[in-house]
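Data first, discussion second: the structure below is written as C-alpha coordinates.
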Amino acid sequence: MKDENFFEHVWELTRQIPAGRVTSYGAIAKALGTDNLSRMVAKAMGACGNANPPVPYYRVVSSDGRLSGDPASAGKRQAMLEAEGVGVKALKVLNFKQVCWDPLKELE
DNA sequence: ACGATGACTCTTC
DNA sequence: GGAAGAGCCATCG
(Lines give C-alpha, C1' and ligand atoms only; values in the text may rest on other atoms or scores of the structure.)
Protein backbone atom coordinates (compact mmCIF):
# COMPACT_ATOMS: atom_id res chain seq x y z
CA MET A 1 0.00 0.00 0.00
CA LYS A 2 1.83 3.11 -1.15
CA ASP A 3 -0.77 5.21 0.64
CA GLU A 4 0.77 4.15 3.92
CA ASN A 5 4.05 5.59 2.73
CA PHE A 6 2.50 9.02 2.40
CA PHE A 7 0.63 8.52 5.66
CA GLU A 8 3.80 7.53 7.46
CA HIS A 9 5.47 10.71 6.31
CA VAL A 10 2.57 12.71 7.67
CA TRP A 11 2.61 10.81 10.93
CA GLU A 12 6.36 11.16 11.27
CA LEU A 13 6.13 14.90 10.82
CA THR A 14 3.18 15.10 13.17
CA ARG A 15 5.13 13.28 15.86
CA GLN A 16 7.83 15.93 15.58
CA ILE A 17 5.42 18.65 16.58
CA PRO A 18 6.58 20.02 19.96
CA ALA A 19 4.11 19.97 22.86
CA GLY A 20 2.03 23.10 23.18
CA ARG A 21 2.26 23.67 19.44
CA VAL A 22 -0.04 22.99 16.51
CA THR A 23 0.32 22.87 12.74
CA SER A 24 -1.96 22.91 9.75
CA TYR A 25 -2.72 20.24 7.15
CA GLY A 26 -1.35 22.46 4.43
CA ALA A 27 1.91 22.98 6.33
CA ILE A 28 2.44 19.24 6.66
CA ALA A 29 1.51 18.64 3.05
CA LYS A 30 3.92 21.38 2.00
CA ALA A 31 6.68 19.90 4.13
CA LEU A 32 6.15 16.68 2.20
CA GLY A 33 6.27 18.60 -1.06
CA THR A 34 2.56 18.13 -1.73
CA ASP A 35 0.85 21.25 -0.45
CA ASN A 36 -2.13 20.45 -2.68
CA LEU A 37 -2.69 17.17 -0.86
CA SER A 38 -3.96 18.83 2.30
CA ARG A 39 -7.05 16.61 2.10
CA MET A 40 -4.91 13.51 2.04
CA VAL A 41 -3.18 14.72 5.19
CA ALA A 42 -6.59 14.91 6.80
CA LYS A 43 -7.27 11.37 5.65
CA ALA A 44 -3.95 10.32 7.12
CA MET A 45 -5.12 11.80 10.41
CA GLY A 46 -8.22 9.67 10.25
CA ALA A 47 -6.03 6.65 9.57
CA CYS A 48 -3.46 7.53 12.24
CA GLY A 49 -5.31 5.16 14.54
CA ASN A 50 -3.56 2.44 12.55
CA ALA A 51 -0.14 3.92 13.26
CA ASN A 52 2.41 2.68 15.77
CA PRO A 53 3.48 4.45 17.85
CA PRO A 54 0.28 6.50 17.91
CA VAL A 55 0.28 9.96 16.34
CA PRO A 56 -0.68 13.17 18.20
CA TYR A 57 -3.15 14.04 15.50
CA TYR A 58 -4.79 16.42 17.95
CA ARG A 59 -1.87 18.79 17.27
CA VAL A 60 -2.94 19.01 13.64
CA VAL A 61 -5.55 21.63 12.81
CA SER A 62 -6.74 23.52 9.74
CA SER A 63 -4.88 26.56 8.35
CA ASP A 64 -6.87 28.86 10.59
CA GLY A 65 -6.11 26.88 13.72
CA ARG A 66 -9.58 25.41 13.88
CA LEU A 67 -10.39 21.77 14.58
CA SER A 68 -12.34 20.09 11.81
CA GLY A 69 -14.17 16.82 11.57
CA ASP A 70 -16.64 15.30 13.95
CA PRO A 71 -17.48 17.47 16.96
CA ALA A 72 -16.82 14.46 19.17
CA SER A 73 -13.35 13.89 17.75
CA ALA A 74 -12.66 17.61 17.49
CA GLY A 75 -13.75 18.19 21.06
CA LYS A 76 -11.42 15.41 22.15
CA ARG A 77 -8.50 17.03 20.36
CA GLN A 78 -9.47 20.33 21.92
CA ALA A 79 -9.23 18.82 25.41
CA MET A 80 -5.85 17.29 24.52
CA LEU A 81 -4.50 20.61 23.28
CA GLU A 82 -5.69 22.37 26.39
CA ALA A 83 -3.93 19.70 28.44
CA GLU A 84 -0.76 20.45 26.46
CA GLY A 85 -1.04 24.13 27.29
CA VAL A 86 -2.70 25.21 24.06
CA GLY A 87 -5.73 27.40 24.62
CA VAL A 88 -8.67 26.17 22.59
CA LYS A 89 -12.16 27.63 22.39
CA ALA A 90 -15.08 26.59 20.23
CA LEU A 91 -12.86 24.10 18.36
CA LYS A 92 -10.41 26.90 17.56
CA VAL A 93 -6.85 27.37 18.78
CA LEU A 94 -6.32 30.58 20.72
CA ASN A 95 -3.27 32.67 19.79
CA PHE A 96 -2.81 30.34 16.86
CA LYS A 97 -0.07 32.60 15.55
CA GLN A 98 1.90 31.93 18.70
CA VAL A 99 1.36 28.19 18.82
CA CYS A 100 1.55 27.63 15.07
CA TRP A 101 4.50 25.37 14.23
CA ASP A 102 5.80 25.33 10.68
CA PRO A 103 7.83 22.15 9.93
CA LEU A 104 9.50 23.89 7.02
CA LYS A 105 10.69 26.82 9.11
CA GLU A 106 11.00 25.40 12.59
CA LEU A 107 12.17 21.92 11.69
CA GLU A 108 13.93 22.65 8.43
C1' DA B 1 -15.23 4.96 -16.39
C1' DC B 2 -18.17 8.76 -14.14
C1' DG B 3 -20.03 11.52 -10.62
C1' DA B 4 -20.21 12.76 -5.87
C1' DT B 5 -17.83 13.57 -1.42
C1' DG B 6 -14.45 15.17 1.92
C1' DA B 7 -10.71 16.22 9.30
C1' DC B 8 -8.36 21.48 3.12
C1' DT B 9 -6.78 26.01 1.15
C1' DC B 10 -6.86 30.12 -1.63
C1' DT B 11 -8.88 33.92 -4.09
C1' DT B 12 -12.66 37.01 -4.69
C1' DC B 13 -17.05 39.47 -3.41
C1' DG C 1 -14.32 40.20 8.38
C1' DG C 2 -17.56 36.68 6.91
C1' DA C 3 -19.51 34.07 2.82
C1' DA C 4 -19.11 31.94 -1.70
C1' DG C 5 -16.75 29.78 -5.52
C1' DA C 6 -12.96 27.28 -7.61
C1' DG C 7 -8.93 24.05 -7.34
C1' DC C 8 -6.77 20.13 -5.59
C1' DC C 9 -6.28 14.61 -5.06
C1' DA C 10 -7.95 10.15 -3.43
C1' DT C 11 -11.80 7.18 -2.22
C1' DC C 12 -16.51 5.24 -2.87
C1' DG C 13 -21.17 4.04 -5.10
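The sequence lines fix the lettering, A, B, ..., with proteins before strands; numbering per chain opens at 1.
- A donor-acceptor distance shorter than 3.5 angstrom exists from the side chain of A/Arg77 to the backbone of A/Ser68, with no hydrogens or angles considered.
- Atom CG in A/Leu32 sits roughly 16 Å away from atom C1' in C/dA10 (whole-Å rounding).
- Closest approach to the A/Tyr25 side chain among B/dT9, C/dT11, C/dC9 is made by B/dT9 (side chain taken as heavy atoms from C-beta onward).
- Residue A/Ser24 is in sugar-phosphate contact alone, with no base atom involved, counting any heavy-atom pair closer than 4.0 Å across all strands shown.
- Transitive grouping of hydrophobic side chains (ILVMFWY, heavy atoms separated by less than 4.5 Å) keeps A/Tyr57 and A/Leu67 in distinct clusters.
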With 3.5 Å as the limit, what N/O pairs link the protein to nucleotides 2-7 of chain C?
from, atom 1, to, atom 2, distance (Å)
C/dG7, N1, A/Arg39, NH1, 3.2

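- Proximity of a side-chain donor or acceptor of A/Glu84 to a complementary backbone N or O of A/Met80 within less than 3.5 Å is not detected.
- When rounded to the nearest whole Å, the span between CG of A/Leu81 and C1' of B/dA7 equals 14 Å.
- Closest approach of A/Phe7 and A/Ala44 over heavy atoms only: CD2-CB, 3.2 Å.
- A straight line from NZ of A/Lys43 to C1' of C/dA10 spans 6 Å, rounded to a whole angstrom.
- Atom pair A/Leu37:CG and C/dT11:C1' shows a separation of 13 Å (rounding to whole Å applied).
- A/Arg15 places a side-chain N or O within 3.5 Å of a backbone atom of A/Pro53 that can act as its donor or acceptor partner.
- A sub-4.0 Å separation between OP1 or OP2 of B/dC8 and a side-chain N or O of A/Ser62 is absent.
- Rounding to whole angstrom units, CZ of residue A/Arg66 and C1' of B/dC8 are separated by 9 Å.
- In this structure a side-chain-to-backbone donor-acceptor pair under 3.5 Å is missing from A/Asp64 to A/Arg66.
- Whole-Å rounding puts the A/Met45 CE to C/dT11 P distance at 15 Å.
- Look at CG on A/Asp35: it is 11 Å from P on C/dC8, rounded to the nearest Å.
- Of the candidate nucleotides C/dA10, B/dA7, B/dC10, B/dC10 has the atom nearest to the side chain of A/Ser63.
- Proximity note for A/Ser68 (side chain, C-beta onward) versus B/dG6, B/dT9, B/dA7: the nearest is B/dA7.
- Side-chain atoms of A/Gln78 come within 3.5 Å of backbone atoms of A/Leu91 as a donor-acceptor pair (strictly under, hydrogens ignored).
- Rounded to whole Å, atom C1' of C/dA10 lies 17 Å from atom NE2 of A/His9.
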